[in-house]
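A note on names: the letters A, B, ... follow the listed sequences, proteins ahead of strands, and every chain is numbered from 1.
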Amino acid sequence: MTETNPPPYVVVGATSPIARAYAADCAAAGKPLLLVGRDLAELELIAADLRVRHRAQVAVERYDASLPGEGRRLARTLAVRPPAAVVAFHGIMGGRDEFAAMLQVNCASIAELFESVADQAAQDGGEPVLVAVSSVAGDRGRQSNYPYGASKAALDAYLSGLRNRLHPLGLRVVTVKPGFVRTKLTEGKVNPRSPLLAEPAQVAADIRRAIEGSADVVYTRWFWRPIMAIIRAIPESVFKRLKL
Amino acid sequence: MAMTIEPLAGWGRLPLVSAPQARPTTTGELTAAWAVPGRRISRGLGRAYGDASLPAAGGFALSALGMSRMISFEVATGLLVAESGVSLAEIIEVFLPRGWFLPVVPGTKFVTLGGAVAADIHGKNHHVDGTFGAHVAWLDLLLPTGGSLRCSEGQEAAVFRATIGGMGLTGHIARVAIRLRRVPSAWCKVRTLRGRDLSHTLELLAANDGSYRHTVAWMDCVAVGDRLGRGVVMLGNEASPAELPAKNAAAPHRLPRRPKLAVPFDLPECALGPFTVGAFNACYYGLAKDAETLVDFEKFFFPLDTIRDWNRIYGRRGFAQFQAYFPDATAEAGLRACLAAIGRSRQASFLAVLKRSGPANDFPLSFLDLGYTLALDIPGPAKTLAPLMAELDAILVAHRGKVYFAKDAFVSPALIPAMYPRLDEFRLVRRSLDPAGTVRSLLSNRLKLHD
Ligand SMILES: Cc1cc2nc3c(=O)[nH]c(=O)nc-3n(C[C@H](O)[C@H](O)[C@H](O)COP(=O)(O)OP(=O)(O)OC[C@H]3O[C@@H](n4cnc5c(N)ncnc54)[C@H](O)[C@@H]3O)c2cc1C
Ligand SMILES: NC(=O)c1ccc[n+]([C@@H]2O[C@H](COP(=O)([O-])OP(=O)(O)OC[C@H]3O[C@@H](n4cnc5c(N)ncnc54)[C@H](OP(=O)(O)O)[C@@H]3O)[C@@H](O)[C@H]2O)c1
């Protein structure tokens with residue numbers, strides 16, 4: 001690790017507004033970036049913007065989380081320049097007929113990627129921080145979007161186990177749980193003036209602080225932690241009657 | 001493409017409409033939004049005062065704000081290519097510290113590249129550098145009939161020229177290639193002179209055309225009689241690092257930090273009666289000294305930007321801006337008549353800005369030509385404004401004056417062909433690009449810019 005060639009921050013699902021805000025944060029701080037996603041043309045534009053604005057070092061890489069095997073392939077590409085952090089932003093939200101797709105994109109793809117990156121780190125001595133963006137929806141299944149919630153709950157359990165496994169090796173795993181963020185996922189579903197709705201840049205700043213600090217599980221904005229504590233505490237016999 | 005119904009208005013908040021707005025953030029979403037059938041108009045930061053960025057009845061607004069990537073910058077030439085939603089504020093933030101500045105800036109930096117091109121904006125340096133459009137190398141335009149077109153002086157020149165100053169009516173400007181200019185520092189050496197009365201103020205502006213790049217006068221709208229048109233004339237040239245105090249000379253392109261103020265809510269209507277305005281003007285006039293000072297770019301070019309959302313000081317009634325151009329020959333008489341009418345109405349304005357303007361360019365709907373341009377705010381509501389606006393219309397007709405589309409919400413449509421003699425040429429290009437007339441705004445409908 002030299003001054004001229006510091007390890008890159010890998011942003012997966014880099015077209016998400018939250019990911020874009022995070023990448024801009026990194027670029028402004030002079031960190032090199034690898035932007036990963038399935039829409040290469042869009043990634044190239046985002047990369048160009050960061051190069052012009054911040055004179056940042058930015059590369060792009062194609063990756064499709066719906067395809068098994070892509071995570072292992074991506075991890076091999078990363079091995080060329082062991083990363084400082086891998087932050088998985090990608091995710092999809094669908095209904096009851098999209099269970100399998102959500103489990104793949106929101107959980108299995110991340111597991112495949114992180115297992116491969118962790119194995120690689122064990123070999124080359126790298127110390128990547130592994131970060132995945134989950135959701136408060138994973139804290140309790142609600143009738144309005146439990147298929148999505150279930151896929152995020154699976155991700156949470158996976159990350160908790162991985163953290164447990166990697167702790168003795170000195171590798172960190174960070175679970176990020178946003179509430180409502182102003183992106184197309186919430187458009188038309190959450191009142192645009194709701195005080196609960198965070199801006200992508202606020203969430204990105206919380207993620208940066210979590211990576212720089214020592215957090216395991218971060219709620220963003222912070223007030224979702226007490227809100228979700230209350231929601232989790234409601235007895236199931238009561239919860240099943242609620243319209244949530 | 002999902003759209004939400006939003007309250008939409010220009011900077012004067014007159015008129016205010018409720019209409020769907022598409023906010024694409026990726027190239028795919030932009031293409032999809034543009035393909036939605038129906039009437040549409042592009043919208044930037046909504047700093048045009050009147051109805052230029054508001055969709056015609058039943059139509060939608062296409063916000064450029066989500067598409068704001070800077071795509072390339074060439075150090076050798078200063079050519080910046082960016083998506084149209086980038087604001088001039090962002091460009092300045094990125095490039096001024098590197099020694100580059102926009103060739104032309106309006107009185108606020110919170111306008112988009114697309115809006116700057118569509119209104120062919122002018123700054124305090126029109127007599128030297130012309131309009132914003134003169135520094136545009138090429139544009140990418142989404143066409144009303146579908147597809148996209150790159151145009152420049154050398155390629156599809158008629159479309160290029162109609163789009164610059166075309167108020168969004170030729171299509172959606174997706175990308176702009178603009179030539180930035182190297183500046184020696186982020187400071188201006190400013191000489192401040194007092195104009196005793198209108199003819200003196202005009203004379204001071206005209207006499208300094210050749211020796212100052214940036215000139216502007218603030219006029220006291222409350223002064224009457226033989227003091228009518230008295231003003232503070234500010235003449236600026238960019239300072240070299242050697243002319244800066246030692247503490248700034250080391251980083252000549254760094255702007256001083258200053259706190260941001262905001263007007264958090266609509267002030268009650270009484271806050272801006274004629275007395276307050278008079279006090280403001282008299283105070284401003286009293287402060288000025290015939291001296292040379294160093295002023296940073298932010299304060300020199302964007303004095304109002306230090307107070308965010310200042311348009312709210314007019315409260316819910318909103319306001320209009322009246323901006324008129326007069327040719328040299330009729331300027332003094334025309335301006336005198338305007339100021340007298342405004343004074344008589346006692347609807348005095350917070351702002352009166354007078355600028356010198358240079359020769360016209362080759363963009364058919366561009367606003368300025370050799371002469372002077374006066375801009376001032378007149379508080380609403382619309383029904384008390386209308387009679388004064390009608391009186392001002394008559395003055396414009398009598399003195400070959402013209403209004404600026406980016407500011408107007410009231411002019412009589414019958415006057416437009418005489419004010420804009422190249423309107424038919426514009427209409428021809430517009431019609432060939434958009435035979436079905438899907439791209440329209442409240443402004444273009446009101447002023448019959450289509451046919
Ligand atoms: C305080 C203040 C000071 C000002 N000073 C000056 C000045 O000194 N000189 C001057 O010339 N102007 C001045 N203006 C006016 C302002 O520069 C123009 O109205 C400018 O067009 C605003 O840009 P915008 O991004 O806010 O565009 P909007 O107000 O949103 O739209 C303005 C016009 O541009 C069109 N447009 C916007 N984006 C696009 C696009 N991507 N593609 C196609 N069409 C588009 C719209 O359809 C509309 O017709 C001032 C305004 C304010 C509020
Ligand atoms: N918005 C919220 O309120 C909220 C709340 C809690 C959690 N989250 C989580 O935050 C993350 C970002 O979401 P967002 O709100 O920014 O929504 P978004 O704009 O829809 O972002 C989703 C991202 O996932 C990518 N993606 C989807 N499927 C993919 C695939 N098969 N392969 C690779 N990339 C794929 C998308 O890429 P394309 O551009 O190619 O589609 C996009 O970059 C998601 O994990 C989401 O679950 C969001």
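Heavy atoms of B:R98 lying under 4.5 Å from chain A belong exclusively to its side chain. Contacts of A:R51 with chain B are absent, with no heavy-atom separation under 4.5 Å from either backbone or side chain. Contact of B:E83 with chain A is made through the side chain alone, with heavy-atom distances under 4.5 Å. Of the two parts of B:I91, neither the backbone nor the side chain holds a non-hydrogen atom closer than 4.5 Å to a non-hydrogen atom of chain A. Proximity to chain A is absent for every atom of B:E6, based on heavy atoms less than 4.5 angstrom apart.
Of the candidates A:E44, A:E42, A:R53, B:R69 forms a side chain to side chain contact (heavy atoms under 4.5 Å, CB included) with just one, namely A:E42.
Taking chain B as the reference chain and counting heavy-atom pairs below 4.5 Å, the highest number among A:L50, A:T15, A:I46, A:V52 is found for A:V52.
In this structure, A:R20 and B:T25 approach most closely via the heavy-atom pair NH1-O, 3.2 Å.
The backbone N or O of B:I71 lies less than 3.5 Å from no partner atom in the side chain of A:D49, so there is not a single donor-acceptor pair.
Considering OG1 of B:T27 and CG of A:D39, their distance stands at 7.5 Å, rounded to 0.5 Å. Annotation: the span from A:E187 atom CD to B:R23 atom CZ amounts to 9.0 Å, rounded to 0.5 Å.
In this structure, A:R62 places its CZ atom where only 12 or fewer heavy-atom neighbours from other residues, nucleotides or ligands lie under 6.0 Å away. Counting heavy-atom neighbours within 6.0 Å of B:Q155 CD, excluding the residue itself, gives a total above 12.
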